[in-house]
Trainee: 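Got a structure for you, questions after.
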Amino acid sequence: MKYYAVIVAGGSGSRMQNKIAKQFLLLDGKPVLMHTMEAFAACALNPEILLVLNIHQHQYWEELCKAHSFTIPHQLIKGGEQRFHSVKNGLKAIKGKGIVAIHDAVRPLVSPELISRSFEAAEAEGNAVAGIQPTDSVRKINFDGKTEALNRNELLLIQTPQTFNIDLLRKAYQQPFRNEFTDDASVAEYSGFTINIIEGARDNIKITYPEDLEMASFLKKKSS
Ligand SMILES: Nc1ccn([C@@H]2O[C@H](COP(=O)(O)OP(=O)(O)OP(=O)(O)O)[C@@H](O)[C@H]2O)c(=O)n1
Ligand SMILES: C[C@](O)(CO)[C@H](O)COP(=O)(O)O
């Protein structure tokens, strides 16, 4: 079986409010994106890595790789307007059959163990989407602005990797973009596929706001 990893890094990181896109910010002296790619390179299934990056950042990325002596093999793909389009561009670059993991570049603490588990579960079930249970109480905001309690035991916080049989995901990504397509599971589900959840990891955080980078540094040190 052939394994692929599409690392989506085509965003601008606006919520990070930094002139440098968050995927390039330093985490323990190394760009966030490099930590993420190292986790996939350490996966025993040896996935082929495709990095999806805004075309205007390709040269900057190549300079960063030289500066950090970063030599993990990968194919560079141009990003798209939305995450959806970036994933679609990544899929277009994969020929033939196999299993593909889609992963946010800004989830650098993903473990090779979770990556392998995701590939293995997707190979068995058709797809595998990482999720964890909320530990806070949760409420829904109604159209009138009032809120109502939800049963948190019926909810999941969804992460990446989100891993699929490539043929399944290619079919799903033939649909036109919809605003509710915030991840690959929502795209696959809208296309009629049932989503298979696997246990994610509490430290598999997405770096979105400045404090997330500080948290990631703490978690990285704790796990080393
Ligand atoms: N057009 C886009 C938008 C997002 N992403 C990627 O999707 C992942 C999750 O997106 P998010 O955390 O929202 O990143 P940004 O869109 O960069 O952040 P923001 O919404 O704060 O601008 C990130 O690795 C981001 O680089 C992408 O590949 N292409
Ligand atoms: C894909 C994702 O990380 C799953 O939780 C999330 O949907 C990405 O959302 P973002 O707004 O693009 O960061």
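Counting starts at 1 for both ligands and their atoms, in listed order.
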Trainee: Check whether any side-chain heavy atom of I49 lies under 4.5 Å from a side-chain heavy atom of Y4, and answer yes or no.
Mentor: no
Trainee: Please list all pairs passing the salt bridge (Lys or Arg N to Asp or Glu O under 4.0 Å) test where one or both residues lie in residues 191-202, with sequence neighbours left out.
Mentor: none
Trainee: Can you name the residues that form a side chain to side chain donor-acceptor pair (under 3.5 Å) with T208, not counting sequence neighbours?
Mentor: K206
Trainee: Are a donor atom and an acceptor atom from the side chains of Y190 and E180 found within less than 3.5 Å of each other?
Mentor: no
Trainee: State, without any angle test, whether S186 and D183 hold a side-chain donor-acceptor pair at a distance under 3.5 Å.
Mentor: yes
Trainee: With a 6.0 Å cut-off on the ring centroids, do F84 and Y173 count as close?
Mentor: yes
Trainee: Around ligand 1, what residues show up once you keep those with a heavy atom under 4.0 Å from it?
Mentor: V8, A9, G10, G11, S12, G13, S14, R15, K22, G80, E81, Q82, R83, S86, D104, A105, V106, K206
Trainee: Decide, yes or no, whether a salt bridge links R139 with E148 under the criterion of side-chain N to carboxylate O below 4.0 Å.
Mentor: no
Trainee: Under a 3.5 Å threshold, yes or no: a donor from one side chain and an acceptor from the other, between Q162 and N127?
Mentor: no
Trainee: Find all protein N or O atoms under 3.5 angstrom from an N or O atom of ligand 2 and list the pairs with distances, or write 'none'.
Mentor:
unit_1   : atom_1 : unit_2 : atom_2 : d
ligand 2 : 3 (O)  : D104   : OD2    : 2.5
ligand 2 : 3 (O)  : R107   : NH2    : 2.9
ligand 2 : 5 (O)  : R107   : NH2    : 3.3
ligand 2 : 5 (O)  : I158   : O      : 2.6
ligand 2 : 7 (O)  : T182   : O      : 2.9
ligand 2 : 11 (O) : R15    : NH2    : 3.1
ligand 2 : 13 (O) : R15    : NH2    : 3.3
ligand 2 : 13 (O) : K206   : NZ     : 2.6

Trainee: Compare all side-chain heavy atoms of Q175 with those of V187 and state whether any distance is below 4.5 angstrom.
Mentor: yes
